[in-house]
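Written out below as structure tokens is the structure these notes cover.
Lettering follows sequence order; numbering is per chain, from 1. As a basis for the values below, the full set of heavy atoms in this structure was taken, side chains included, without hydrogen atoms, waters or symmetry mates. Computed from a predicted model, the values in this text were never measured in an experiment.
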Protein chains: 2
Amino acid sequence: MRKVSDPTVSRLSLYLRILTELQEQGQSTVSSEELARRGGTTAAQVRKDLSFFGTFGKRGLGYGVPDLLAKLRSILGLERRWRVALVGLGKIGSALLGYQDFRRQGFHVEAVFDADPAKIGRRWDGLEVRSAAEMEDVLREQEIDIVIVAVPAEAAQEVVDRAVRAGVRGILNFAPTKLHVPPHVALRSVNMTVELEGLSYALSNGGREAAGRRSGVGGDRS
Amino acid sequence: MRKVSDPTVSRLSLYLRILTELQEQGQSTVSSEELARRGGTTAAQVRKDLSFFGTFGKRGLGYGVPDLLAKLRSILGLERRWRVALVGLGKIGSALLGYQDFRRQGFHVEAVFDADPAKIGRRWDGLEVRSAAEMEDVLREQEIDIVIVAVPAEAAQEVVDRAVRAGVRGILNFAPTKLHVPPHVALRSVNMTVELEGLSYALSNGGREAAGRRSGVGGDRS
DNA sequence: GGATGTGAATGTCTTCACAGCT
DNA sequence: AGCTGTGAAGACATTCACATCC
């Protein structure tokens, strides 16, 4: 199971979501064909993706929904609770704090930081906003796994450097800038501007050259 | 200039941002080497990306900053103004409406829709919130180019179908679900859950298998 | 019979390496 | 001398096609 590509991992998330829906609808079994149709990919791709991690299906039958669901949650590391910190309480940071849909997948925001004295000390959603100055200490004390960076572009790299120094091993970046992290730290970015510009390109240059994969976007590599 | 890959287009956005910074700092020329270092890629990659669109550099010298900036803006279709509509005024939609950093690149939100009667008719940032029921008409009247989908997953596909029927050719999806569009429509997605799960996978499975690309990760194809 | 799992083939993207300008 | 532009090579990802098993 070494060397699984990133597109594959992203598709696993997708399958997980589809399987969750299927389970809610009480469907007990699913074929690679059906997963592919719902996920906008191909049956061969689904089977190949899963084959990197083991052999979960039954030939002639397909995959057991609850079974595959459990396997995927395990593969993606979603059986444990992840301790997340949010840095930056501007428009985007506040929205994320309010949204928290990802909490259901085990991502819990345990600390919130901002540099603005007017915000420090206030409570947002049951959490006290801490000063960005005490970031390293708090990240360490709270054993934060993942930091969500929602600060202006100019401040983002410094936040990352400090988080990495405090032992954080995962960064989710919302700042519209390219960040650099050491090899042992995982980085993903969400960059709306890149996506909009991709649409602009697609709309400008004929209709038929499409937009693209990776929504996701962005393209980091840790 | 046919058949340019999506990763290439995303990197053009990145170069554009770097060039903007360089210009603000008054730097007149830049090498593929420097663009690569700042952009977290390689010099060969930068040159290859640009070569799809023409020959913009001077051998022995590098690229002229203002010149390349102008070329990229033209390639990405950023010389015109794009008419954008936002559908869904929940946490994320409201944040986007408040954020609007992308306005500087020519993306103007001209219409806002929500299904909640309590929100319809209110003014947000100078725009009256319209009923989702009148979406098709307004999209057509206002000649909207791009629709940002910020509704719950269950409602997203219907919003897209209606937008497409109204002539919209670009969709930016924030709903945590896979959307399907006809070939002539460009689609990009931003899916935070996929990115977080990618981090979870990376953190779980050894430290050394990194996270990935394309932030942006998501992966559509129109 | 029906659907998986997978080597082999194909396709796509990145990196190399160097010829060619300035 | 320096740095671009690019064909060719290499790495990576997807698709094909079929043997395999329930």
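At least one donor-acceptor pair under 3.5 Å links the side chain of A/R162 to the backbone N or O of A/A132.
When rounded to the nearest whole Å, the span between CG of B/D6 and P of C/dT14 equals 10 Å. Atom CZ in B/F52 sits roughly 10 Å away from atom C1' in C/dT12 (whole-Å rounding). Residue B/F56 contributes atom CZ, which lies 16 Å from atom P of C/dT22 at whole-angstrom precision. Between the P atom of C/dA3 and the CG atom of A/L68 lies a distance of 16 Å, rounded to the nearest Å. Regarding B/K3, its NZ atom lies at a distance of 16 Å from the C1' atom of C/dT14, rounded to whole Å. Taking atom CD on B/E33 and atom P on D/dA1, their separation rounds to 19 Å, with Å as the unit. Separating the CG atom of B/L50 from the P atom of D/dG5 is a distance of 7 Å, rounded to the nearest angstrom. If you take CZ of A/F53 and P of C/dT4, they are 18 Å apart, rounded to a whole angstrom.
Of all nucleotides listed (D/dT4, D/dT14, D/dG5), D/dG5 comes nearest to the side chain of B/T55. Side-chain proximity of B/S51 to D/dT14, C/dT6, D/dT6: nearest is D/dT6.
With rounding to the nearest 0.5 angstrom, the CD1 atom of B/I146 is 5.0 Å from the CZ atom of B/F107. Between the CD atom of B/E21 and the CD atom of B/E24 there is a distance of 7.0 Å, given to the nearest 0.5 Å. How far NZ of A/K71 is from OG1 of A/T55: 9.0 Å, rounded to the nearest 0.5 Å. A distance of 11.5 Å separates OG in A/S32 from CD in A/Q45, rounded to the nearest 0.5 Å. With rounding to the nearest 0.5 Å, the separation of OG1 in A/T193 from CG in B/L14 is 11.5 Å.
Of the side-chain N and O atoms in A/Y63, one or more sit less than 4.0 angstrom from OP1 or OP2 of C/dG5. Taking 4.0 angstrom as the limit, B/S32 places a side-chain polar atom (N or O) nearer than this to OP1 or OP2 of D/dT4. Residue B/R11 places no side-chain N or O under 4.0 Å from the OP1 or OP2 atom of C/dC13.
Contact record, A/F102 with A/L96: CZ-O, 4.0 Å, taken as the closest heavy-atom pair.
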Just by protein heavy atoms under 4.0 Å, how would nucleotides 15-22 of chain D read 5' to 3' in B, S and -?
BBB-BBBB

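Under 3.5 Å, the side chains of B/Q157 and B/D161 contain a donor-acceptor pair of N or O atoms.
Taking five base pairs at each end of the helix from C/dG1-D/dC22 to C/dT22-D/dA1, the local helix axes there meet at an angle of 10°, rounded to 10°.
Here the side chains of A/L179 and A/S189 are not in contact, with every heavy-atom distance at 4.5 Å or above.
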